[in-house]
Amino acid sequence: MKEQAIIVGCHTPDTPEHLFESSIEELEALAYTVDVDVNEIFIQKRDKVHSALYIGTGKVEEIKQYIDHYEIDVVIINQELTPSQSRNLEDKWEIKILDRTQLILDIFAMRARTKEGKLQVELAQLQYLLPRLHGQGTSLSRLGGGIGTRGPGETKLETDQRHIRRRITEIKRALEQVAKQRDQYRQRRKKNSAFQMAIVGYTNAGKSTIFNRLSETGSLEEDKLFATLDPLTRQITLPSGFELLISDTVGFIQDLPTTLIAAFRSTLEEVVEADFILHVVDASNEESVEQEKTVFNILDELGAGDIPMLTVYNKADLVSDEVIPYSTPSVKMSALEPSDYDDLKQGIEQALLNNWTHYRASLSSSEGKLLNQLKRETIVKYEHFNEEQEQFEIEGYVPEGSPIHTILTKR
């Protein structure tokens, strides 16, 4: 039987109405992702959040009566609570309280598949819980299972802070090792002239579907938030024959907890190290522009704000009016429409051309190896074999600073 939940939000003047409403809708979607039924949503407008209880005392009592009457299992709070707010609300309501950060952490614990992903989730959970250990005993005895209990679990939380700090140190060491291995792998790709494109976007925008169709692989596709947690990398070929590596990444979200950005930095380094970014936007979402801005902000935080980008307005078939791009260059498509992928590949190729250097080269008939390399590692726009001079005349575009660009420059 599904856990029964209510959502509680405090709307203060510093958050515009439409943004607050979208954050509540997002929280509902997060709850759905962990298979929880949301019975009711309680909203209170206040000049500022109550320092001790998050919401006012009257609202707390009203919600207490609802909880008792409808036998609610869990209360989900729309913001990150302070340790004292969390303890005070648990004392008042006597059931499990989860704030937005805990819920996201719980979903990440569900989705992690690789050793690195699992370590990063545990690190983020422990860093979140460390300042909240005081007074956790009674609430932990009430947890009993369900959402909010994945990952480290109760037994670890009931041990002392020294153990948790020790475990955090162990995880950080293990992650450093994994990050080194990932870095070696990335360096090897760079050495092999591999051009890297990362798919980014707001969670549930359709990144994994596009990744799967482009690369013809079976990454997890679900209409749930954070369906992809661990980065996948595959090779694809553009219409010109140019080969590149494409990586799928975890979805971004409003107010992504800072502990998560820190813990998942090595995963998100796939984005920082990318030569090009494919930014997928759910064009059918009313808050699509705000979601685009959220992604831009996180990319800036990661130091990836200047990487060349193509914006893909996905789910365009679900929009009644014409999709008006917020960003350029861009393409519009439906990830479920096979014919749209030809346009997407053409769009990627055109966006690359706009950022690359034009070249002309004449190759002797004995330079077949270099000719094949140019076809794989550059975008060839013109190729002709001159029979009189017995040489290939090639014209195209090359990524500046790449190994093949260096070879061409020295000729």
Side-chain angles (χ1 to χ4, degrees), residues 182 185-202 205-215 217 219 228 231-252 267-281 292 295-296 298-314 325-333 335 340-359 373-381 396-406:
R182 187 186 287 281
Y185 176 55
R186 269 199 298 265
Q187 293 304 324
R188 199 158 60 244
R189 288 195 317 219
K190 288 246 183 252
K191 196 175 176 183
N192 294 336
S193 309
F195 187 88
Q196 298 168 58
M197 177 171 76
I199 299 188
V200 305
Y202 211 76
K207 297 184 306 302
S208 293
T209 305
I210 290 172
F211 174 84
N212 289 343
R213 301 296 193 278
L214 278 175
S215 62
T217 57
S219 169
T228 303
L232 293 165
T233 300
R234 298 286 183 270
Q235 183 173 290
I236 67 167
T237 305
L238 295 182
S240 64
F242 177 68
E243 294 174 352
L244 58 93
L245 294 175
I246 181 170
S247 297
D248 193 11
T249 59
V250 63
F252 299 166
T267 301
L268 293 171
E269 276 173 13
E270 288 290 334
V271 180
V272 180
E273 293 290 328
D275 300 296
F276 188 77
I277 288 175
L278 199 64
H279 176 193
V280 181
V281 177
E292 276 190 73
V295 172
F296 291 145
I298 294 175
L299 288 174
D300 284 339
E301 280 180 44
L302 291 168
D306 294 329
I307 297 173
M309 179 187 295
L310 174 69
T311 303
V312 179
Y313 290 99
N314 186 28
Y326 174 75
S327 306
T328 55
S330 68
V331 295
K332 302 164 194 173
M333 68 175 292
D340 284 0
Y341 285 89
D342 293 335
D343 292 339
L344 174 58
K345 285 185 176 182
Q346 293 285 359
I348 293 169
E349 204 161 275
Q350 189 56 51
L352 294 178
L353 294 183
N354 294 341
N355 286 284
W356 288 5
T357 304
H358 180 260
Y359 75 89
Q373 191 178 357
L374 286 173
K375 287 180 179 179
R376 285 195 319 273
E377 297 177 23
T378 77
I379 293 177
V380 175
K381 299 300 285 184
Y397 293 83
V398 60
E400 198 167 338
S402 64
I404 191 69
H405 180 249
T406 306

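All figures in this text were calculated on a predicted structure; none of them were measured in a lab.
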Roughly how far, to the nearest 0.5 Å, is the CG atom of Leu302 from the CD atom of Glu273? 11.5 Å

Measure the CE-CG distance between Met333 and Asp342 for me, rounded to the nearest 0.5 Å. 10.0 Å

Minimum heavy-atom separation for Ala205 and Asn314, please, with both atom names. O-ND2, 2.9 Å

Sequence neighbours excluded, which residues qualify as side-chain hydrogen bond (donor to acceptor under 3.5 Å, both in side chains) partners of Thr357? Glu400

Would the distance check show the side chain of Tyr341 and the main-chain N or O of Ala335 forming a donor-acceptor pair, the cut-off being under 3.5 Å? yes

Check whether any side-chain N or O of Asp275 sits under 3.5 Å from a backbone N or O of Phe195 as a donor-acceptor pair, and report yes or no. no

Mind checking the CG-CZ spacing from Asp340 to Arg213? Nearest 0.5 Å is all I need. 11.5 Å

Listed partners of Thr311 passing side-chain hydrogen bond (donor to acceptor under 3.5 Å, both in side chains), at least two apart: none

Might you work through the side chain to side chain contact (heavy atoms under 4.5 Å, CB included) test for Leu299 and Ile277, ending with a clear yes or no? CA-CA 10 Å; Leu299 288 174; Ile277 288 175; 4.1 Å; yes

Excluding sequence neighbours, so at least two apart, what forms side-chain hydrogen bond (donor to acceptor under 3.5 Å, both in side chains) with Ser327? Glu292

When rounded to the nearest 0.5 Å, the distance separating CZ of Phe276 from CG of Asn355 is 7.0 Å

Interatomic distance, Leu214 atom CG to Thr237 atom OG1 [nearest 0.5 angstrom]: 11.0 Å

Could you point out which residue of Ile246, Val312, Asp248 forms a side-chain contact (heavy atoms from CB on, under 4.5 Å) with Ile210? Val312

Any Asp343 side-chain heavy atom under 4.5 Å of Val331 side chain: no

Suppose we screen for side-chain hydrogen bond (donor to acceptor under 3.5 Å, both in side chains). Which residues come up paired with Tyr397, at least two apart in sequence or across chains? none

Taking every heavy atom of Ser215 against every heavy atom of Arg234, the minimum-distance pair comes out as CB-CB, 3.6 Å

Sorted by chain and residue number, the ring pair (Phe, Tyr, Trp, His ring centres under 6.0 Å) partners of Phe296 (sequence neighbours excluded) come out as His279

I'd like a table of donor-acceptor pairs (distance under 3.5 Å, sequence neighbours excluded) in which one partner is a side-chain atom from residues 344-352, with atom names and distances.
residue, atom, partner, partner atom, Å
Glu349, OE1, Ser240, N, 3.1
Glu349, OE1, Ser240, OG, 2.9
Gln350, NE2, Asn354, OD1, 3.2

Could you measure the distance from the CD atom of Gln235 to the CG atom of Leu244? Nearest 0.5 Å is fine. 8.0 Å

Close side-chain approach of Phe242 to Val380, heavy-atom, < 4.5 Å: no

Considering all heavy atoms, the nearest Tyr313-Ser330 contact: CE1-CB, 3.5 Å

Taking the side chain as C-beta and beyond, is there a heavy-atom pair between His405 and Trp356 under 4.5 Å? no

